[in-house]
Each structure stands twice: as structure tokens, then as C-alpha cells.
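Naming: A, B, ... by sequence-line order, numbering from 1 per chain. Since we're looking at a predicted model, the values are computed, not measured.
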2 protein chains.
Amino acid sequence: MYIEIDFNSDEALYLQLRNQIIIGIATSQFQEGDALPSVRQLADTIGINMHTVNKAYSVLKQEGFVKVDRRKGAVIAIDIDKMQAIEDLKRDMQVLLAKSSCKQISREEVHALIDEIYESYENEG
Amino acid sequence: MYIEIDFNSDEALYLQLRNQIIIGIATSQFQEGDALPSVRQLADTIGINMHTVNKAYSVLKQEGFVKVDRRKGAVIAIDIDKMQAIEDLKRDMQVLLAKSSCKQISREEVHALIDEIYESYENEG
DNA sequence: GCAGTGTGCTACAATTTATATAACAGCCGG
DNA sequence: CCGGCTGTTATATAAATTGTAGCACACTGC
């Protein structure tokens with residue numbers, strides 16, 4: 001499992017961590033039932049504070065990507081609230097596509113990008 | 001011109017404002033050369049501070065959506081750095097689609113959503 | 001019991017966000 | 001030239017967020 005944190009990024013550490021793990025799930029590096037490293041262990045590995053990792057895990061729990069087992073720590077367990085997920089996607093996509101549209105990125109180019117990213121998920125599974 | 005700010009949102013005011021304006025450009029409510037309200041005027045209209053509006057305008061300027069004319073204020077002027085725009089889109093899309101993929105949203109559903117949003121832009125133009 | 005687990009709490013510094021005043025330089029119409 | 005409009009800059013303040021730090025607790029597996 002490779003998690004890369006960019007300490008020069010303006011994105012919060014716990015969000016970078018959250019995103020990396022979500023991408024890890026999408027690319028099947030993490031699978032349903034897999035245990036994530038303990039907050040202390042991962043914090044040590046990355047070189048950040050325990051609470052920062054804990055915050056990332058808490059967000060992932062709240063967003064329905066992991067469940068917490070006191071014996072195993074954080075375990076990948078995806079709660080599929082598709083209605084909610086679509087609503088979230090719609091809201092985020094709105095701004096993203098508005099930007100793209102302004103910058104003359106065509107609908108076809110976006111479709112191609114979607115395919116490219118989706119295929120990268122399927123292949124690494 | 002309608003700009004709606006949600007004071008209960010956890011999204012920063014200046015970012016909401018930025019997003020609304022970008023969507024406004026995409027939907028042709030604002031067109032190339034149009035002047036945005038002055039920072040003071042818009043701040044008054046919305047009921048927020050002048051500097052918050054100024055920050056939104058500054059971000060829009062840096063992102064290449066407006067240029068600033070001291071006589072006319074902020075003017076819609078899109079600087080098309082397509083390479084940059086695609087790179088940005090790719091990075092943002094990565095996390096968004098990872099989330100969607102985990103939540104069992106199919107590639108086709110994403111495509112449909114893209115079309116839906118893009119069409120809403122073209123129709124209101 | 002011991003080591004490891006998540007969780008809770010407090011505290012602190014740095015940064016971001018938003019507000020509030022105030023002032024400045026440039027431009028325009030009267 | 002003057003008054004009013006523009007963006008811009010500076011300073012100050014309050015609140016929230018971010019990240020670190022240390023400590024303690026309850027639970028679990030060996």
C-alpha cells in the first residue's frame with residue numbers, strides 16, 4: 001500500500017490521506033473487509049500526527065467508506081447510499097464542468113477523460 | 001444576475017461566490033466583456049464584507065476568468081490555458097470518480113450526468 | 001498482565017476565513 | 001477642479017480550521 005502525502009500542497013493532510021484511501025479503494029488496492037493500518041502505525045509511517053490520521057479515518061467513516069472494529073481498527077466497508085452519492089457527485093460536477101466549459105473543454109473531451117479514469121480503476125482491480 | 005449564498009453551508013463564502021460566477025459564465029448569464037458589480041456594490045447586495053467579494057474576484061482573476069479594469073471593475077475575460085485546465089480537471093475528477101466508483105455509480109451514469117449538465121449550459125446560452 | 005487497538009480530552013501554534021475601518025491612486029462626468 | 005466611483009492596500013480583530021502534542025481510558029488478543 002502506497003500513500004503519498006505532499007507536504008507542500010495547500011490541501012489539508014487529512015484530506016490528502018482521505019483521497020488517497022478512496023482512490024486506493026477504487027483501484028482495488030483496498031478491498032471490502034481489508035483492515036487499514038492503525039492510526040498510530042500509519043501516522044508513524046507517514047510521519048504525521050496520530051490525530052491527523054484519526055481525522056481522515058473519521059471522515060471516511062462518516063462518508064461510508066470504512067467501519068471501525070476495535071479489534072481490527074478501521075476496516076474497508078462501503079455503505080452504498082447511491083442517492084446521496086449521486087447528489088454529491090452532481091453538486092461537485094456542476095462547478096467542475098462549468099470551469100471546463102468556460103475553458104473550451106468539449107463534452108467529448110470530458111467523456112474521454114471519464115473513460116480513461118474509469119478504465120484505470122478496472123484494470124488495476 | 002442572481003447570486004445565492006448559503007450562509008449555513010460549510011463552504012467558504014468567497015468560494016461559493018467564485019463558483020456561482022463561474023457557473024454564471026458557463027450558463028452565459030455573464031458574457032465576455034461584461035462587467036461584474038463592484039466589490040462594494042456586490043458586497044452590499046449580498047450582505048457580506050467587501051473583502052470577501054474582493055477575494056472571490058482575486059481568485060477568479062488568478063484562475064483566468066476575469067480581468068480587472070480600474071474604470072469598469074472586474075470584467076469577464078477568459079484566458080484559455082487549456083493544458084492547465086485539463087490538468088486541473090483531471091486531478092479533481094480523479095477523486096470524484098473514485099468516490100463514485102466505490103459507490104457503484106456506473107460509467108454510463110456519469111456520462112449521462114455530464115451530458116445533462118453540459119446541456120443545461122448550452123440551453124441557457 | 002501486556003501490548004496494541006480506537007477514542008476522548010485538553011492545550012497550543014499557525015493558518016484560513018470573515019469582518020471592520022481607513023486610506024490611497026486612478027478615472028470620469030459635471 | 002471636485003466629487004464620486006473604481007480597485008487596491010494596510011491594519012486589526014474574532015472565529016474557525018488545521019496540525020501537533022501529551023495524556024488517559026476501555027477494550028481486545030495473546
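- At the heavy-atom level, A:K67 lies nowhere under 4.0 Å from the strands shown.
- Under a 4.0 Å N-O distance rule, the pair B:K103/A:D81 does not qualify as a salt bridge.
- The separation between B:N49 atom CG and D:dT13 atom P is 16 Å, rounded to whole Å.
- In terms of position along DNA chain D, the nucleotide closest to A:A12 lies nearer the 5' end than the nucleotide closest to the other residue of the pair A:A12 and A:R40.
- Nearest nucleotide to the B:N54 side chain, out of D:dT9, D:dG19, C:dT7: D:dT9.
- If you measure from atom CG of B:D44 to atom C1' of D:dG4, you get 15 Å, rounded to the nearest angstrom.
- Toward the 5' end of DNA chain D, the nearer of the two residues B:S38 and A:Y14, judged by each one's closest nucleotide, is B:S38.
- Listed candidates were C:dT7, D:dT9, D:dG19. Nearest to the side chain of A:V68 is C:dT7.
- Spacing between atom NZ of B:K55 and atom C1' of C:dT16 amounts to 6 Å, rounded to whole angstrom units.
- Distance A:I48 CD1 to D:dG19 P: 8 Å, rounded to the nearest Å.
- Out of D:dT18, D:dG22, C:dA20, the shortest distance to the side chain of A:H51 is found at D:dG22.
- As a whole-Å value, the separation of B:M50 CE from D:dA12 C1' is 14 Å.
- Between A:R91 and B:E11, no side-chain nitrogen of the basic residue sits less than 4.0 Å from a carboxylate oxygen of the acidic one, so the salt-bridge criterion is not met.
- Salt-bridge annotation for A:K99 and B:D88: absent, with no side-chain N of the basic residue lying under 4.0 Å from a carboxylate O of the acidic one.
- D:dG19 atom P lies 13 Å from atom CG of A:N8, rounded to whole Å.
- Taking atom CG of A:D6 as the reference point, atom P of D:dT18 lies 17 Å away to the nearest angstrom.
- Under a 4.0 Å N-O distance rule, the pair A:E109/B:K82 qualifies as a salt bridge.
- For the pair B:L17 CG and C:dT17 P, the computed distance is 14 Å after rounding to whole Å.
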